[in-house]
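These notes are about the structure you will find just below.
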Amino acid sequence: MGSSSVETLEYQAETRQLMRLVIHSIYSNKDIFLRELISNASDALDKLRLESLTDSSLVEDGTDLHISLEVDKDARTLTVTDNGIGMSRDDLVDLIGTIAKSGTADLLAKIKESKDAATAENLIGQFGVGFYSAFMVADKVTLRTRRAGTDSGTEWESDGEGAYTIQAVDGLPVGTSVTLHLKAADSEDGLADYLSESKIRQIVKHYSDFIRWPIRMTTEHTDAEGATTRDIDTLNSMKALWARPRTEVTEDEYREFYQQISHDWLAPAETIHMRAEGTFEYEALLFIPSQTPFDLYTRETKGGVQLYVKRVFIMDDCEALMPNYLRFVKGVVDAHDLSLNVSREILQQDRQIRGVRRRLTKKVLGAIKDMQSKDAERYANVWAQFGRALKEGLIEDTDNAETLLELVSAASTQDAEKTTTLREYVERMKDGQDAIYYLTGETRAMVENSPHMEAFAAKGYEVLILTDPVDEVWADQVPDFDGHRLQSIAKGQVDLDDSAAGDKEADADKAQREQDFAALLPWLTTALSEQVKEVRLSSRLTTSAACIVGDAHDMTPTLEKMYRAMGQQLSTVKRILELNAAHPLITTLRTAHDADPANPALAEIAELIYGSALLAEGGDLPDPARFTRLLTDRLTSTL
Ligand code: ADP
Ligand code: MG
């Protein structure tokens with residue numbers, strides 16, 4: 001190689017500052033330097049291929065476009081070489097010696113203000129300081145390059161401090177090689193042994209497996225006789241399925257890929273593969289698993305979507321790409337126009353990423369909706385596995401509430417074996433029924449046997465049986481479905497009288513009842529004032545003596561329990577005791593009270609009625625010992 005005079009050039013002041021930050025303080029994870037260099041090499045190969053489409057002389061026939069990694073243990077160097085587009089001398093000065101991006105000064109000012117390394121790293125992430133990351137692990141970098149279509153090459157060298165040298169070099173091949181003179185491995189500084197073949201393999205596999213060009217490494221092996229053989233290995237699989245057109249990927253390939261990223265041995269229930277073009281390009285390959293991972297409902301569970309930028313792995317569990325309630329979705333999103341150093345915080349705030357998330361959410365929900373109409377069995381399985389999570393969406397994601405409500409599948413009094421959708425429920429609604437009735441509780445049996453159910457069962461109204469803890473919340477928050485109110489049968493006033501309003505006879509009966517109980521009800525309200533806010537007559541009971549109901553906007557007891565279990569301080573929500581005016585116990589109590597309001601047995605019986613109503617709905621007695629004593633005394637005196 002011939003060479004000419006060496007020129008020494010200073011870095012721009014801003015570049016120097018930024019480099020110092022990158023090298024000395026910013027990155028906690030130094031491994032990423034290799035990802036950055038490989039990504040640059042891959043871009044250079046892409047550019048060469050693109051230019052060769054219009055100028056075929058740039059690439060000789062049979063050229064094997066690739067990236068190669070070479071380690072020299074004696075010299076302590078690692079070299080990343082590509083036979084891509086290369087750089088001219090001017091390119092080098094412009095691209096490597098300058099950070100010619102707008103906003104550099106602003107960025108530096110913000111970094112100086114930032115209090116901790118994490119904030120600084122986030123800021124840097126918006127910028128992308130790729131090439132300079134080499135100086136995190138090297139104390140000298142030598143770059144040799146020749147631009148395709150030109151004759152002269154350039155060598156660039158720097159220690160990453162104030163200046164770099166540049167000189168013309170003859171005889172270089174087309175492309176670029178970057179040689180890192182590595183700092184000594186030092187665990188304290190987070191420096192691994194980047195001369196180690198296994199370390200390099202591991203980093204490439206982790207970050208650059210899907211780079212579309214082969215990344216090769218030459219390794220030397222010495223056998224027992226001392227003979228040395230050289231092997232050339234390709235380290236990356238290059239199989240970025242998401243970047244291929246749908247029609248060119250087989251079901252088997254999708255399944256294998258899914259199994260690889262999810263560690264699930266079953267086939268996915270659904271595969272969604274899409275490409276978005278326009279101002280923000282990305283590809284997405286998403287899967288709905290066919291079974292719930294064991295940790296889906298624990299609090300720490302994060303999402304399952306990985307983020308790539310132009311086939312370079314960026315992060316796992318990218319929560320910015322999928323709402324929390326779809327955390328069971330697995331897959332990959334490859335966005336083309338992001339910095340490789342983009343951080344979670346930046347992604348959360350990025351308007352375009354939010355757009356991607358909205359679109360992907362709709363895609364996933366749409367796929368489940370399709371399944372519902374085309375493949376009922378598969379949909380039923382997906383709902384059984386992930387329904388609980390999807391119902392969280394009714395609380396988190398009001399934008400998609402309509403679709404989510406269509407997906408809801410619930411147990412119902414209509415059929416003990418089958419669940420129903422809200423749409424099917426509405427189709428079965430009785431004439432004149434305006435609300436969708438439901439009751440929440442801990443188990444199906446408890447809900448079915450609850451006294452609240454009596455009048456609805458007697459009159460043949462269908463009631464949805466909701467037993468997931470999350471049902472307590474969404475059913476309360478969602479106002480209506482398809483114009484029909486969702487109404488808990490344990491809340492508010494219920495009037496199931498078939499008789500049309502204005503029915504004189506029914507009205508007269510009701511007025512008579514109110515008059516009969518005019519003395520007892522206020523007395524009971526006072527006697528039980530610790531426990532309830534009101535005692536009134538019920539129209540929802542047929543066989544039970546009493547039940548407890550909430551006001552329309554009260555928290556249910558189960559929800560109250562959930563909040564308490566989560567450590568929230570709540571004042572007790574007092575509910576309403578409703579009495580069955582036709583029940584012998586209640587009529588006898590009334591007669592006894594009317595005869596002698598001072599009778600001491602009355603207060604105890606009132607307490608027993610309240611306690612029994614609480615037990616009937618599956619509630620917990622505040623003082624079980626006292627309840628048992630009152631009951632025992634009462635039974636003894638009857639015999
Ligand atoms: P970015 O990749 O985000 O542009 P980098 O600091 O990684 O930032 O690289 C700066 C520029 O240097 C690249 O945009 C590219 O033009 C040039 N460059 C770096 N590495 C190579 C390479 N191996 N071949 C050709 N050009 C390169
Ligand atoms: Mg780069």
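Start at 1 and go down the list; that is how both ligands and their atoms are numbered. Nothing here was measured: the structure is a model prediction, and the numbers come from that model.
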| Quick check: does Y132 get an N/O under 3.5 Å from an N/O on ligand 1? | no
| Any side-chain heavy atom of D399 sitting closer than 4.5 Å to one from T361? | no
| message | Once you measure the plane-to-plane angle for W156 and Y11, does it fall in the parallel (<30°), tilted (30-60°) or perpendicular (>60°) bin? | response | perpendicular
| Is it the side chain, the backbone, both or neither of V178 that has a heavy atom closer than 4.0 Å to ligand 1? | neither
| said: Within the 4.0 Å heavy-atom shell around K47, which atoms of ligand 1 are there? | reply: 16 (O)
| Geometric N/O contact F131 with ligand 1, under 3.5 angstrom | yes
| request: Using distance alone, decide if ligand 1 has a nitrogen or oxygen within less than 3.5 Å of any nitrogen or oxygen in N40. | output: yes
| said: Could you check whether any side-chain heavy atom of R388 comes within less than 4.5 Å of a side-chain heavy atom of T292, counting everything from C-beta outward? | reply: no
| task | Take the angle between the ring planes of F280 and Y282 and call it parallel below 30°, perpendicular above 60°, tilted in between. | result | tilted
| said: Quick check on E36 - does any of its heavy atoms sit under 4.0 Å from an atom of ligand 1? | reply: no
| Heteroatom test (N, O or S) for N40 near the Mg ion (ligand 2), limit 2.8 Å | yes
| Closest candidate by heavy atom, reference atom 25 (C) of ligand 1, pool A44, S177, S39, A41 | A44
| Would you call R216-D64 a salt bridge at under 4.0 Å N-O? | yes
| task | Could you check whether the rings of F287 and Y254 sit parallel, tilted or perpendicular, using 30° and 60° as the cut-offs? | result | perpendicular
